[in-house]
Amino acid sequence: MPEPDSTPPKGRIFQTSTMTAMLEGVYEGSTTIAELRRHGDFGIGTFDRLDGEMIVLDGRCYRLRADGTAGEADLATRTPLAAVTYFHGEHDWRLTQPVDAAGLRTVIDDWLPSPNLFYAVRVDGHFDHMVTRMLPEQHRPYPRLIDAVAGQIISTHTDLHGTIVGFRSPTHMLGVAAAGYHLHFLSSCRTRGGHAYDFVLRSGRVRVDVGYELLLCMPRTQDFRSAQLGRGDIAGEIEAVLQGGGPR
């Protein structure tokens with residue numbers, strides 16, 4: 001497992017590429033998992049050609065594919081979009097009553113010192129149910145993300161333990177990131193999960209870090225250089241992609 005060249009300060013998030021690039025079908029990246037790991041031990045993302053959902057947890061990078069396979073990602077694999085940080089869990093509390101996805105967001109939002117900062121969010125617990133999404137591998141000519149989502153594979157898991165990993169990004173960073181919550185899930189057996197759509201957390205532990213710095217790395221690819229970024233209804237498309245909407 002690669003070690004960081006130096007320990008970055010607390011509160012720094014490293015991100016490769018942007019949500020606007022993903023919306024336009026920029027699905028091939030220039031950042032390897034090995035490079036990504038030098039910047040954090042916790043985070044989310046995807047893989048080249050959208051071939052798998054990424055969860056970086058406790059220093060290990062997991063890849064869950066639409067075909068049902070799961071395991072640790074090869075360090076030479078590349079990512080078109082990912083965000084990682086070194087997680088400390090400085091703010092820590094327990095939930096002893098069941099809460100759904102909207103309720104969990106409210107619990108965290110009520111605690112936030114400011115809506116204008118980034119937050120890394122980790123939730124370990126027992127879930128009554130968890131609904132996840134994965135996208136199948138895409139092929140050239142790549143569709144826009146709003147169209148690729150039409151082929152998503154939805155799975156519902158019941159009565160399981162696992163971990164939610166993700167970020168809450170401020171509205172003023174829309175397009176760079178997905179404003180609001182972007183959460184992935186990984187089961188404790190490390191074989192089930194994906195993009196977290198909906199869930200009921202029976203009980204668990206919530207930990208949050210505040211992100212004060214964003215280190216953004218742009219892809220070094222021709223697809224990124226030639227993409228028409230920032231067009232259309234960015235907010236509406238991101239919301240549809242994260243919440244399961246298809247072409248409109």
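In this text, all values refer to a predicted model and were calculated from it rather than measured experimentally.
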(request) Mind checking side-chain contact (heavy atoms from CB on, under 4.5 Å) for Ser114 and listing every partner two or more places apart, or none if nothing turns up? (result) Asn116, Leu117, Tyr119
(request) Applying side-chain contact (heavy atoms from CB on, under 4.5 Å), name anything that partners Ala82, two or more places apart in sequence or on another chain. (result) Thr16, Leu36, Met54, Thr79
How many angstroms lie between atom [atom1] of [X] and atom [atom2] of [Y], to the nearest 0.5 angstrom?
X      : Y     : atom1 : atom2 : result
Met218 : Ser17 : CE    : OG    : 7.5 Å
Leu64  : Phe47 : CG    : CZ    : 8.5 Å
Arg144 : Met22 : CZ    : CE    : 12.0 Å

Where do [X] and [Y] come nearest, in terms of heavy atoms and distance?
X      : Y      : result
Ile33  : Ala73  : CG1-CB, 4.4 Å
Thr85  : Ala120 : CG2-CB, 4.0 Å
Gly230 : Thr20  : N-CB, 4.3 Å

(request) Only pairs at least two apart or in different chains count here, so list each side chain to side chain donor-acceptor pair (under 3.5 Å) that has a residue in residues 42-53. (result) Arg49-Glu137, Asp51-Arg63, Asp51-Arg65, Glu53-His184
(request) Just jot down the ring-ring contact (aromatic ring centres under 6.0 Å, His included) partners of Tyr62, sequence neighbours excluded, or say none. (result) none
Output yes when a side-chain donor or acceptor of [X] lies under 3.5 Å from a complementary backbone atom of [Y], and no otherwise.
X      : Y      : result
Gln138 : Pro136 : yes
Arg37  : Gly59  : yes
Arg190 : Ser187 : yes

Any residue meeting side-chain hydrogen bond (donor to acceptor under 3.5 Å, both in side chains) with [X], in chain and number order, not counting sequence neighbours:
X      : result
Thr221 : none
Asp74  : none
Asp100 : none
Ser30  : none

Should [X] and [Y] count as an ion pair when the cut-off is N to O under 4.0 Å?
X      : Y      : answer
Arg231 : Glu24  : yes
Arg12  : Asp209 : no
Asp109 : Arg168 : yes
Arg78  : Glu28  : no

(message) Walk me through whether His195 and Tyr197 qualify under ring pair (Phe, Tyr, Trp, His ring centres under 6.0 Å).
(response) CA-CA 6 Å; His195 173 84; Tyr197 268 158; 5.1 Å; yes
(message) Which label fits Phe42 and Phe87: parallel for a plane angle under 30°, tilted from 30 to 60°, or perpendicular past 60°?
(response) parallel
(request) Please collect all ring pair (Phe, Tyr, Trp, His ring centres under 6.0 Å) contacts where either partner lies in residues 12-33, sequence neighbours excluded, each pair once. (result) Phe14-His39, Tyr27-Tyr142
(message) Filter on ring pair (Phe, Tyr, Trp, His ring centres under 6.0 Å), then keep only pairs touching residues 215-241, sequence neighbours left out; what's left?
(response) none
(message) Among residues at least two apart in sequence or on other chains, which ones pass salt bridge (charged side-chain N to carboxylate O under 4.0 Å, His left out) with Asp92?
(response) Arg205
Donor-acceptor pairs under 3.5 angstrom involving side-chain atoms of residues 153-165: please list them, not counting sequence neighbours.
{"residue": "His157", "atom": "NE2", "partner": "Thr132", "partner atom": "OG1", "Å": "3.1"}
{"residue": "Asp159", "atom": "OD1", "partner": "His126", "partner atom": "NE2", "Å": "2.6"}
{"residue": "Thr163", "atom": "OG1", "partner": "Asp124", "partner atom": "OD1", "Å": "2.6"}

(request) Tell me, with the steps shown, if Phe167 and Tyr181 meet ring pair (Phe, Tyr, Trp, His ring centres under 6.0 Å). (result) CA-CA 6 Å; Phe167 295 92; Tyr181 290 88; over 10 Å; no
